[in-house]
There are 2 protein chains.
Amino acid sequence: MKTIQETAETFEVSTRTLRYYEEIGLLEPDRSSGNQRKYSKADETRLKLILRGKKYGFSLDEIREMVLLFDEDRSGKKQLERTIEYGEARVREIEASIKEFQALKQEMEDLLEGFKQKLKEEKE
Amino acid sequence: MKTIQETAETFEVSTRTLRYYEEIGLLEPDRSSGNQRKYSKADETRLKLILRGKKYGFSLDEIREMVLLFDEDRSGKKQLERTIEYGEARVREIEASIKEFQALKQEMEDLLEGFKQKLKEEKE
DNA sequence: TTTAACATTGACGTTTACGTAAAGTTCAAT
DNA sequence: ATTGAACTTTACGTAAACGTCAATGTTAAA
């Protein structure tokens with residue numbers, strides 16, 4: 001169980017950020033007898049997910065939806081089906097993103113090839 | 001040459017957004033005799049780049065750096081070398097992103113597989 | 001047990017990326 | 001020439017995601 005400071009350092013975020021994530025319902029660490037936050041391994045895993053989501057441009061609102069969906073009680077049949085459907089839609093989005101990134105990479109490489117050619121010509 | 005309205009509709013952004021991008025130096029369309037903005041094909045290409053950048057979580061500040069770097073006069077040897085170096089670094093970042101996305105996809109697929117299994121068991 | 005470091009909850013401030021309304025100007029069509 | 005739609009700048013407003021005090025409570029070590 002880490003303190004808020006330790007957790008913040010581990011993930012390179014501010015303590016304010018951790019408190020804010022709790023404020024908007026993204027995290028809910030246990031408290032010590034004196035009401036201080038205690039971050040468990042599960043909290044860390046969740047935080048990791050949140051930060052990855054952020055890295056790829058998802059809003060905290062969207063992230064909450066995902067995190068909660070995968071975190072809630074998935075026992076009911078309807079719930080499971082909904083989760084699977086949602087998850088598969090997300091996977092398709094990710095696939096599309098990968099393709100776009102690959103195209104972008106190709107584009108940049110082509111552009112750079114042109115620059116290199118130009119540089120070469122300039123040297124001669 | 002498109003008007004601001006036409007351009008906004010084409011790219012599904014507001015006219016305010018286009019004016020704002022100009023305000024912060026991301027776009028600089030020509031003006032008509034009466035001072036109205038006229039967007040050229042080059043402006044559209046640039047806007048496309050900006051929107052793609054946004055989609056992947058880059059701030060407009062970061063986007064400006066990229067756009068301007070690839071847009072300035074690349075004539076000097078030093079300039080060219082710097083551009084190539086910068087570009088290659090960006091390509092490496094993109095490669096890393098692709099790998100992370102692929103990992104994320106795998107993770108989600110595994111998770112979904114688990115859910116599907118659970119659903120199957122429940123049916124029996 | 002006291003003290004320094006760290007924690008808590010407000011609450012107001014800041015930046016980014018626009019939204020929106022006002023007041024006036026230009027354009028295209030009649 | 002007129003008029004309505006679209007354009008202009010100016011400027012204040014807003015939501016998200018925190019930053020930054022301030023006042024107070026907790027913890028761990030000496």
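Values below: all heavy atoms of this structure, side chains included; hydrogens, waters and symmetry mates excluded. Numbered from 1 within each chain, the chains take letters A, B, ... in sequence-line order.
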Proximal nucleotide (of [options]) relative to the [X] side chain:
X: A:Ile4; options: C:dA17, C:dT8, D:dA17; value: C:dT8
X: A:Ser14; options: C:dG19, D:dA6, D:dG19; value: D:dG19
X: A:Thr17; options: C:dC6, C:dC18, D:dG19; value: D:dG19

May I have the distance from [X] (atom [atom1]) to [N] (atom [atom2]), rounded to whole angstrom?
X: A:Met1; N: C:dC6; atom1: CE; atom2: P; result: 21 Å
X: A:Glu22; N: C:dG10; atom1: CD; atom2: P; result: 12 Å
X: B:Gln5; N: C:dT26; atom1: CD; atom2: P; result: 19 Å
X: A:Arg64; N: D:dA17; atom1: CZ; atom2: P; result: 9 Å
X: A:Glu62; N: D:dA16; atom1: CD; atom2: P; result: 12 Å
X: B:Leu47; N: C:dC18; atom1: CG; atom2: P; result: 11 Å
X: A:Lys2; N: C:dA7; atom1: NZ; atom2: C1'; result: 18 Å
X: B:Arg19; N: D:dC7; atom1: CZ; atom2: C1'; result: 7 Å

Bending between helix ends of the helix from C:dT1-D:dA30 to C:dT30-D:dA1 [5 pairs per end, 10° resolution]: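 That helix gives 10° between its end axes.
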[X] and [Y] ion-paired at < 4.0 Å:
X: A:Glu100; Y: B:Arg52; result: no
X: A:Lys54; Y: A:Glu62; result: no
X: A:Glu22; Y: A:Arg31; result: yes
X: B:Lys116; Y: A:Glu88; result: yes
X: B:Glu85; Y: B:Arg82; result: no

Any B:Tyr21 side-chain nitrogen or oxygen under 4.0 Å from OP1 or OP2 of C:dA17: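 For B:Tyr21, the contact criterion (side-chain N or O under 4.0 Å from OP1 or OP2 of C:dA17) is not met.
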Considering all heavy atoms, the nearest A:Tyr39-A:Ile4 contact: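 Nearest heavy atoms, A:Tyr39 then A:Ile4: CE1-CA, 3.6 Å.
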Is it true that a side-chain atom of [X] and a backbone atom of [Y] form a donor plus acceptor pair closer than 3.5 Å?
X: B:Arg64; Y: B:Ile24; value: yes
X: A:Glu121; Y: A:Lys118; value: no
X: B:Arg46; Y: B:Val67; value: no

Sugar-phosphate only, base, or nothing, as touched by A:Thr3 at under 4.0 Å among non-hydrogen atoms: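 Sugar-phosphate only.
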Sugar-phosphate, base or nothing in reach of B:Ser59, heavy atoms under 4.0 Å: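 Sugar-phosphate, no base atom in range.
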B:Arg16 (side chain) and C:dT20 (base): donor-acceptor pair under 3.5 Å: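 For B:Arg16, whose side chain was compared with the base of C:dT20, there is a donor-acceptor pair (under 3.5 Å).
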Strand contacts (DNA chain C) in residues 23-38 of chain A, 4.0 angstrom heavy-atom criterion: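 Here the set is A:Arg31, A:Asn35, A:Gln36, A:Arg37.
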side-chain hydrogen bond (donor to acceptor under 3.5 Å, both in side chains) between B:Thr3 and B:Lys38, worked out: CA-CA 5 Å; B:Thr3 70; B:Lys38 286 288 169 191; over 6 Å; no
